[in-house]
Number of protein chains: 2
Amino acid sequence: MSLSSILELRHLRTLMALQETGSVSRAAKRVHLTQSALSHQIKSLQEHYGLSIVQRRGQSVELTDAGKHLVTLAEKVLEEIQATERGLAKLSQQTSGSLRIVLECHTCFDWLMPLMDAFRQHWPDVELDLVSGFHSDPVKLLEEGGADVVIGSEYKPRRGIVHHPLFRFEILAVLAPEHPLRAKRILHATDFADVTLITYPVPEDRIDLILHVLKPAGIHPLRRTAELTVAILQLVASRRGVAALPSWGIKNYVDHDYVIARRIGTQGLWSDLYVSTLKETASRPYLRDFLTTARNTCFATLDGIIPLG
Amino acid sequence: MSLSSILELRHLRTLMALQETGSVSRAAKRVHLTQSALSHQIKSLQEHYGLSIVQRRGQSVELTDAGKHLVTLAEKVLEEIQATERGLAKLSQQTSGSLRIVLECHTCFDWLMPLMDAFRQHWPDVELDLVSGFHSDPVKLLEEGGADVVIGSEYKPRRGIVHHPLFRFEILAVLAPEHPLRAKRILHATDFADVTLITYPVPEDRIDLILHVLKPAGIHPLRRTAELTVAILQLVASRRGVAALPSWGIKNYVDHDYVIARRIGTQGLWSDLYVSTLKETASRPYLRDFLTTARNTCFATLDGIIPLG
DNA sequence: AATATTAATGAATCTAATTCATATATATGT
DNA sequence: ACATATATATGAATTAGATTCATTAATATT
């Protein structure tokens with residue numbers, strides 16, 4: 001236990017990630033460090049305060065009372081810092097501009113709406129909009145000046161474009177509780193041969209299940225579309241077909257036994273989400289704030305998502 | 001301007017020191033770093049936010065609006081951290097004990113009283129006391145178990161004792177505004193030959209002016225004592241003699257032209273203040289808290305004091 | 001003008017945070 | 001129960017980046 005405090009913001013960021021992920025390795029990804037680095041950080045904090053901060057609970061790890069105190073501190077402090085940094089952005093006059101968002105992933109409306117509300121409060125002078133309609137090459141819209149931000153899963157390096165990684169998530173098959181396939185723990189391409197696939201109204205090459213699982217296996221199920229996630233789930237529940245949706249998008253419905261979810265393929269079907277912008281847009285303070293807030297709310301709200309390098 | 005925040009607590013501590021001292025070099029001493037280190041810190045912050053944080057004002061330096069924002073943040077955040085660390089100390093049960101203070105420096109009552117009030121609030125279970133009376137060897141009291149803390153200016157290394165440096169301050173001669181010596185900018189030993197010296201009621205070897213200036217010059221002025229700083233200043237103002245007191249102890253009276261102050265010797269007469277404890281006491285959380293709070297309040301409240309290595 | 005004090009800056013150094021490599025502990029599957 | 005996979009812990013090696021050193025530039029003092 002040394003005399004002057006060794007605590008730094010890095011520790012607070014780590015502690016928050018630890019609470020959100022419940023695991024040292026996942027937290028490490030979240031803050032872009034190795035598991036070892038976090039273990040060392042935790043150890044040094046524990047030695048400094050003469051208290052244990054985490055408690056091993058079998059496979060994973062849990063915060064002690066002391067750890068919770070520090071997390072409470074972290075939440076307060078990091079929030080205050082963000083607010084101050086917004087204030088600094090105001091001072092540097094880089095406080096206005098436009099943020100027109102193209103959303104490739106329909107389910108993302110779930111978390112984007114509250115985020116946009118919060119953002120509007122913090123940056124009243126930024127023109128915030130959702131660009132509606134379907135776009136075959138949304139990133140092109142950035143170059144053409146038709147949009148400022150694309151939230152999508154395509155990650156092609158392009159000159160002048162920056163892809164900010166958001167998170168990785170699993171896409172699960174969604175079935176009615178009484179569906180014949182309920183018996184299987186894991187579904188494979190062949191299981192989809194005789195079902196109707198319920199999707200958002202987008203082309204086939206935008207649907208990961210079709211693109212990466214069914215098409216390679218030569219399987220082409222019937223398709224039926226719906227605009228909203230709830231609508232899709234209603235169709236699934238009333239046995240009109242099966243769907244493939246992000247695990248976090250269906251969690252509530254699964255928890256209430258409205259539908260059931262199954263893994264697709266032994267490894268599962270995963271998808272990555274990026275926020276793409278023009279290089280010049282990336283340096284604007286409000287874009288930086290949008291990104292960190294997006295990451296924070298996603299990791300705090302959505303279950304089962306994984307940080308992305 | 002990089003994407004993720006580089007801000008760390010070290011920057012906030014620096015910014016606070018900068019505001020309190022109004023100079024990079026003094027702030028550097030305050031946080032135990034070099035002037036160069038702080039210059040680099042400031043530079044990197046400025047580059048990160050694309051804003052200037054300090055503004056050179058001739059010899060010294062002044063915070064910009066942006067800097068003030070960050071200082072406001074710093075005050076809040078560092079206070080919250082201290083509070084959390086007190087909470088952690090509670091958890092580790094190291095929250096009770098005794099803190100009996102021996103005060104070698106009479107003027108220190110000025111800042112010690114409010115400090116003790118604050119401390120009592122934070123550590124209700126610590127028995128807080130002032131050990132009264134004169135003690136020829138106060139540090140011995142620590143070893144004998146008669147006290148826990150000595151606030152004094154003696155710095156003899158002793159086995160089992162830790163001297164925590166507090167600050168360095170200047171001792172000024174205090175005169176009535178009409179005193180004949182007012183004409184001199186700087187007073188020397190000989191100037192004290194024909195005056196009455198007004199001091200606290202302590203032995204000669206506890207009075208820096210006598211010990212380091214007058215005695216070596218073979219000058220032994222008349223002496224008259226008073227218990228309280230105000231009483232001494234009253235005697236000085238009513239021309240019963242001159243006194244030698246810490247610059248911060250007389251600031252208010254000088255500012256209101258109640259008395260005038262003069263430097264003693266070309267270099268000035270300086271004294272160092274230490275908080276001495278037993279080694280084992282030093283590791284107690286409440287002692288650490290007492291120390292940092294003492295430093296903070298002193299540097300925030302008292303003018304003209306200098307950090308000590 | 002000369003001297004002293006303070007801040008800024010590039011290069012060198014050095015501290016300490018991170019990674020690497022590995023061991024240990026816990027869980028999962030057959 | 002044993003092998004396998006997954007997590008965390010830890011000592012040593014590495015590395016990033018913070019600090020110092022040495023110097024220059026700027027401002028103030030005599």
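Lettering of chains follows the sequences in order, A, B, ..., and the numbering in each one begins at 1.
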For this session: Give the ring-plane orientation class for A:Tyr155 versus A:Tyr274, where under 30° counts as parallel, over 60° as perpendicular and anything between as tilted.
Result: parallel
For this session: Calculate the interatomic distance between B:Glu47 atom CD and D:dA18 atom P; express it in whole Å.
Result: 12 Å
Exercise. Taking CD1 from B:Ile42 and P from D:dT19, how many angstroms apart are they, rounded to a whole number?
Worked result: 12 Å
Seminar exercise, completed: Atom NZ of B:Lys29 and atom C1' of D:dT19 are separated, to the nearest Å, by 17 Å
Seminar exercise, completed: note: A:Arg57, atom CZ; C:dT26, atom C1'; distance rounded to Å ~ 14 Å
Seminar exercise, completed: Between CZ of B:Arg26 and C1' of C:dT6 the distance, given in whole Å, is 10 Å
Seminar exercise, completed: Rounded to whole Å, CG of B:Leu45 lies from P of D:dG17 at a distance of 15 Å
Problem set entry | Positive for salt bridge (charged side-chain N to carboxylate O under 4.0 Å, His left out) with A:Glu20, one of A:Arg30, A:Arg295, A:Arg13 | A:Arg30
For this session: Under the side-chain hydrogen bond (donor to acceptor under 3.5 Å, both in side chains) rule, what do B:His69 and A:Thr84 come out as? Steps first, then yes or no, please.
Result: CA-CA 7 Å; B:His69 277 232; A:Thr84 301; over 6 Å; no
Exercise. 5'-most contact on DNA chain C: A:Arg185 or B:Val24, nearest heavy atom basis?
Worked result: B:Val24
Exercise. Donor-acceptor pair, B:Arg26 side chain versus B:Thr21 backbone, under 3.5 Å?
Worked result: yes
Taking N or O atoms only and anything under 3.5 Å, show me the protein contacts with nucleotides 14-20 of chain C, one pair per line.
residue: C:dA17; atom: O5'; partner: A:Arg10; partner atom: NH1; Å: 3.4
residue: C:dT18; atom: OP2; partner: A:Gln41; partner atom: NE2; Å: 2.9
residue: C:dT19; atom: OP2; partner: A:Thr34; partner atom: N; Å: 2.8
residue: C:dT19; atom: OP2; partner: A:Thr34; partner atom: OG1; Å: 2.6
residue: C:dT19; atom: O4; partner: A:His40; partner atom: NE2; Å: 3.1
residue: C:dC20; atom: N4; partner: A:Ser36; partner atom: OG; Å: 2.5

Exercise. Within this structure, what is the CD-to-P distance between B:Glu8 and D:dA16, rounded to whole angstrom?
Worked result: 18 Å
Problem set entry | Side chains of B:Thr64 and B:Val54 in contact at under 4.5 Å (non-hydrogen atoms) | no
For this session: Round to the nearest Å and state the distance from B:Arg56 atom CZ to C:dA7 atom P.
Result: 7 Å
Exercise. Between A:Phe169 and A:Trp270, does the ring centre distance come in under 6.0 Å?
Worked result: no
